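Here is the naming used below: chain letters follow the sequence lines, and residue numbers restart at 1 for every chain. What you are looking at is a predicted structure, and each value in this text was computed from that prediction instead of being measured.
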Amino acid sequence: MPAEYTNLEKQRLEKLEQLKQKGIEPYPTRAQRTHTSRQAIEAYEAFERENLGEAPQVILAGRLRSMRVMGKITFAHIEDGDGRVQLFLRADEVGVDAFESFNKDLDLGDFIQAAGEMFRTRAGEVTLKVKEYRLLAKAITPLPAAKDEIVDGQIVHHATLADPETRYRQRYADLAINPEVRQIFRTRAAIVRAIREFLDAQGFLEVETPILQPIYGGAAARPFTTYHNQLKQTLFLRISFELYLKRLLVGNLERVYEIGRDFRNEGVDRTHNPEFTQLEFYCAYADYLQVMEMTEAMIVYVADKVLGKRILTYQGVTLDLNPPWRRLELRQGILETTGIDFQAYPTTQALAGAMRNRGIPVDPNAPRGKLIDGLIGDYLEPTLIQPTFLYNYPRDISPLAKSIPGDPTMVERFEGFIAGMELCNAFTELNDPLDQERRFLEMGRDYDSEDEQRHPMDEDYLRAMRYGMPPNGGFGMGIDRLTMLFTDAPNIREVILFPHLREREEE
RNA sequence: GGGCGCGUAGCUCAAUGGUAGAGCAGUGGCCUUUUAAGCCAUUGGCUGAAGGUUCGAGUCCUUCCGCGCUCACCA
């Protein structure tokens with residue numbers, strides 16, 4: 001079904017026709033460029049500084065972002081990957097026809113290349129004096145923002161694309177006109193790069209494990225389901241990497257990590273997207289306290305590398321990433337925020353009673369661990385603004401973590417919180433195959449009775465563990481949320497290029 | 001899924017139930033150092049969709065679609 005063109009698009013299609021009639025190919029196959037905008041400006045400044053003989057001759061390429069036609073001369077700006085540079089055209093230098101065509105046939109948003117000599121205008125801007133230019137690609141649809149200026153190197157928008165729906169659905173347009181959006185994704189890439197550097201330097205091996213899995217596990221989320229036609233097999237998109245990465249420890253790979261996509265068929269909100277990027281690493285012979293220290297070191301390494309600072313502002317709040325982070329025992333934290341010492345209420349009923357006494361609503365179907373988890377989310381998590389490790393969790397919400405010696409009800413697990421947001425989750429990994437089997441069975445029983453969601457028994461994982469798994473510490477962290485912190489993004493969608501939105505009927 | 005809010009020109013936004021407007025960009029002019037260039041003129045709308053109330057609906061009511069916030073859900 002052909003697109004319905006707007007009036008503005010029809011005008012541009014007419015210009016396209018006029019160009020063709022003049023023998024100008026609106027989408028030539030090849031382009032030329034000798035300098036980026038920044039390189040050209042730097043080359044000219046070097047020429048000025050060092051009194052070189054001749055001003056630099058350059059060919060620049062980029063997108064036309066502004067045009068000021070003033071009779072026999074025209075000023076314009078093109079934008080490329082490095083920034084913007086001004087073009088200056090004079091009818092008597094480019095030729096009258098080419099000059100007229102530049103003013104009439106080109107539009108904001110078109111890609112062009114321009115050749116000439118760099119100079120500095122009276123107003124002081126380093127500018128390309130165009131001898132020749134060539135259209136590289138005609139834009140039919142106008143970019144949604146048209147007016148902005150550059151003040152002290154900062155782009156000030158006077159009109160912009162603000163509607164979040166359009167920004168996310170047409171991210172290409174958002175990126176094309178909002179340089180700060182491009183910057184978010186450069187920062188995101190830098191974060192991932194820095195994490196790799198940090199882990200690689202410590203002898204970790206980066207691996208890739210299956211995304212399509214016959215049995216999902218490693219987290220408590222509902223999965224997406226799919227189907228392999230030829231194998232006639234139902235498959236799940238992974239909800240975590242954990243069980244596959246720990247199999248690798250059985251295989252004598254002592255330190256492994258993976259950075260990749262997880263998929264969870266759950267609600268969508270400010271901090272949750274159905275697919276998100278996760279880092280998980282597993283480190284043989286480490287426990288959760290060592291992982292805690294690694295976490296601090298890694299985050300600080302990334303902050304130094306990416307931001308060049310360890311104190312950042314997130315949504316108006318100053319956050320200090322300098323280690324050591326606050327360490328707060330979960331039991332103590334819940335006691336302080338709710339007045340409930342869950343250790344004093346060892347059964348679901350006793351804990352539920354204590355909660356009701358304090359006016360805290362209780363889900364009658366929730367087991368004890370879920371009640372405690374609820375207290376964390378509702379009362380504790382919002383108070384954890386500065387980086388905090390919450391540690392020692394109840395066993396029954398942590399089926400893959402190892403018990404604390406001498407306390408079978410609790411496990412060696414911590415979660416890292418910043419800005420009231422859960423950032424990471426780690427534990428001393430359970431490596432006792434018999435205990436693990438018991439936990440799986442308990443979970444199956446639990447989920448059978450209360451949850452509609454059954455956690456499948458992963459027999460191959462148990463078999464792997466029976467071969468012997470070294471004691472190890474494991475770690476998981478959401479890259480999207482770390483990027484939110486580092487880019488001061490209020491919403492996870494700001495840091496995902498193409499966030500999932502409900503499908504909309506077009507036309 | 002519940003509650004609240006929003007949806008008007010390409011973009012950003014106006015418009016007591018009474019003729020749908022502005023700025024920007026677009027179009028036509030003038031202009032040889034501008035930079036949100038300026039000046040003159042001017043095009044552009046199925047007001048998210050469908051019903052209803054009314055003499056009359058962008059505005060009130062109902063349903064639907066989409067987005068945002070929020071609650072619920074979410075080891």
Side-chain angles (χ1 to χ4, degrees), chain A residues 5-12 14-15 65-77 84 86-93 99 104 107-109 119-125 127 129 139-151 155-169 173 177 217-222 239-240 242 264-272 274 361 363 366-367 369-370 372-374 376-378 393-401 411 413 415 422 425 427 439 443 446-447 451-453 455 476 490-491 493 501-506:
Chain A
Y5 290 113
T6 66
N7 287 335
L8 295 178
E9 289 169 334
K10 285 174 188 159
Q11 284 175 0
R12 289 187 175 205
E14 279 174 30
K15 291 183 182 183
R65 290 305 309 276
S66 69
M67 224 197 295
R68 293 171 292 283
V69 180
M70 310 177 58
K72 299 288 191 302
I73 62 168
T74 292
F75 289 94
H77 275 93
R84 293 190 187 190
Q86 182 168 256
L87 306 184
F88 173 74
L89 287 89
R90 211 157 56 181
D92 51 21
E93 285 204 52
F99 181 78
K104 298 283 181 190
D107 289 294
L108 301 186
F119 77 113
R120 194 180 282 276
T121 63
R122 270 178 219 163
E125 183 165 349
T127 300
K129 185 180 292 175
I140 305 299
T141 305
L143 288 171
K147 268 266 147 102
D148 41 34
E149 67 176 317
I150 299 167
V151 180
I155 293 182
V156 179
H157 296 289
H158 296 281
T160 192
L161 178 62
D163 175 33
E165 184 175 355
T166 311
R167 286 189 48 229
Y168 300 145
R169 286 192 197 278
I177 62 174
R222 268 178 292 177
I239 58 173
S240 89
E242 173 148 6
R264 296 189 182 176
N265 208 338
E266 307 276 359
V268 175
D269 65 23
R270 195 176 77 78
T271 57
H272 295 82
D363 174 359
K370 278 203 171 173
I372 294 172
D373 201 39
I376 299 172
D378 292 345
Y393 278 64
R395 176 183 181 275
D396 55 337
I397 52 170
S398 315
L400 299 164
V411 295
R413 171 180 174 189
E415 291 186 298
E422 181 192 333
N425 181 21
F427 25 91
R439 305 274 197 103
M443 275 194 338
D446 260 346
Y447 288 139
D451 263 281
E452 74 264 40
Q453 147 195 357
H455 200 112
N491 194 303
R493 290 174 169 169
L501 296 184
R502 203 182 297 270
E503 193 170 17
R504 180 170 225 183
E505 269 184 53
E506 299 278 350

Base paired to B:G1 (Watson-Crick or G-U; both N/O distances under 3.5 angstrom):
B:C71

Rounded to the nearest angstrom, tell me the gap between atom CG in A:Leu8 and atom C1' in B:G44.
8 Å

Where the side chain of A:Ala220 is defined as all heavy atoms beyond and including C-beta, which of B:U34, B:A75, B:U33 is the nearest nucleotide?
B:A75

Select base, sugar-phosphate, or nothing to describe what A:Arg264 touches, counting heavy atoms under 4.0 Å on all strands.
nothing

Which is true for A:Gln86 with a 4.0 Å heavy-atom rule: it touches a base, it touches only sugar-phosphate, or it touches nothing?
base

Between P of B:A37 and NE2 of A:His77, the distance in whole Å
9 Å

Among the candidates B:U35, B:C74, B:C11, find the nucleotide nearest to the side-chain atoms of A:Pro144.
B:C11

For B:U27, does OP1 or OP2 lie under 4.0 Å from any side-chain N or O of A:Lys104?
no

Considering Watson-Crick and G-U wobble pairs with both distances under 3.5 Å, what does B:G10 pair with?
B:C24

Whole-angstrom distance between B:G3 and B:G45, as gauged at atom C1':
33 Å

How far, in whole Å, is B:G48 from B:G5 if one measures between their C1' atoms?
16 Å

Do A:Arg439 and A:Arg395 have side chains that approach each other closer than 4.5 Å (heavy atoms only, starting at C-beta)?
yes

Does the structure show a Watson-Crick or G-U wobble partner for B:U62, both distances under 3.5 Å? Name it, or say none.
B:A50

Measuring only the C1' atom in each nucleotide, how far is B:G38 from B:C31? A whole number of Å is fine.
9 Å

With rounding to whole Å, what would you report as the distance between B:A20 and B:U47 at their C1' atoms?
8 Å

Roughly how many Å apart are B:A14 and B:C71, using the C1' atom of each and rounding to a whole number?
33 Å

Side-chain contact, heavy-atom cut-off 4.5 Å: A:Leu161 with A:Thr166?
yes

A:Met70 CE - B:U34 P separation (whole Å):
6 Å

RNA chain B: A:Phe119 or A:Leu400, which has the more 5' nearest nucleotide?
A:Phe119

Nearest-angstrom distance, P atom, B:G51 to B:G58:
14 Å

Of A:Asp269 and A:Asn7, the one whose closest RNA chain B nucleotide lies more 5':
A:Asn7

Of the nucleotides B:G66, B:G26, B:U70, which has the atom closest to the A:Gln11 side chain?
B:G26

Under 4.0 Å between a side-chain N/O of A:Lys10 and OP1 or OP2 of B:G44, yes or no?
no

What is the distance, rounded to the nearest whole Å, between atom CD of A:Glu165 and atom P of B:G10?
16 Å

Do A:Glu165 and A:Arg502 have side chains that get closer than 4.5 Å, going by heavy atoms?
no

Using Watson-Crick or G-U wobble geometry with both distances below 3.5 Å, tell me the partner of B:G44, or none.
none

State whether the distance check finds a donor on one side and an acceptor on the other, under 3.5 Å, for side chain A:Glu125 versus base B:U34.
no

C1'-based separation of B:C24 from B:C67 [nearest Å]:
24 Å

Quick check: do A:Asp363 and A:Lys370 have side-chain heavy atoms less than 4.5 Å from each other?
no

Looking at every non-hydrogen atom in both residues, tell me the closest pair between A:Leu108 and A:Met67 and how far apart they are.
CD2-N, 3.9 Å

Across the strands shown, which category fits A:Asp92 at heavy-atom distances under 4.0 angstrom: base, sugar-phosphate, nothing?
base

Residues passing the ring-ring contact (aromatic ring centres under 6.0 Å, His included) test with A:Phe75, sequence neighbours excluded, are A:Phe88

Using a heavy-atom cut-off of under 4.0 Å over every strand shown, decide if A:Ala123 touches base, sugar-phosphate, or nothing.
base

Short side-chain N/O contact from A:Arg68 to OP1 or OP2 of B:U34, under 4.0 Å
no

Spacing of A:Asp163 atom CG relative to B:G48 atom P, expressed in whole Å:
13 Å

With sequence neighbours left out, write down each residue that passes side chain to side chain contact (heavy atoms under 4.5 Å, CB included) with A:Asp378, or none if nothing qualifies.
none

Output yes when at least one side-chain N/O atom of A:Arg122 is less than 4.0 Å from OP1 or OP2 of B:U34, else no.
no

Would you kindly give the CZ-to-P distance between A:Arg502 and B:C65, to the nearest whole Å?
8 Å

Side-chain-base donor-acceptor pair under 3.5 Å for A:Thr121 and B:U34
yes

Minimum-distance nucleotide (side-chain atoms of A:Arg169 versus B:U33, B:C67, B:C11):
B:C67

Expressed in angstrom and rounded to an integer, what is the separation of A:Met67 atom CE from B:G38 atom P?
15 Å

A:Glu266 side-chain proximity, nearest of B:C74, B:U35, B:U33
B:C74

Expressed as a whole number of Å, how far does the C1' atom of B:C40 sit from that of B:C46?
33 Å

OP1 or OP2 of B:C73 sitting under 4.0 Å from any side-chain N/O of A:Asn265?
no

If I take atom NZ in residue A:Lys370 and atom P in nucleotide B:A75, what distance separates them, rounded to the nearest angstrom?
5 Å

In Watson-Crick or G-U wobble terms, with both distances under 3.5 Å, the base opposite B:G38 is B:C30

Beyond-backbone contact of A:Glu415 with A:Tyr393, side-chain heavy atoms, under 4.5 angstrom
yes

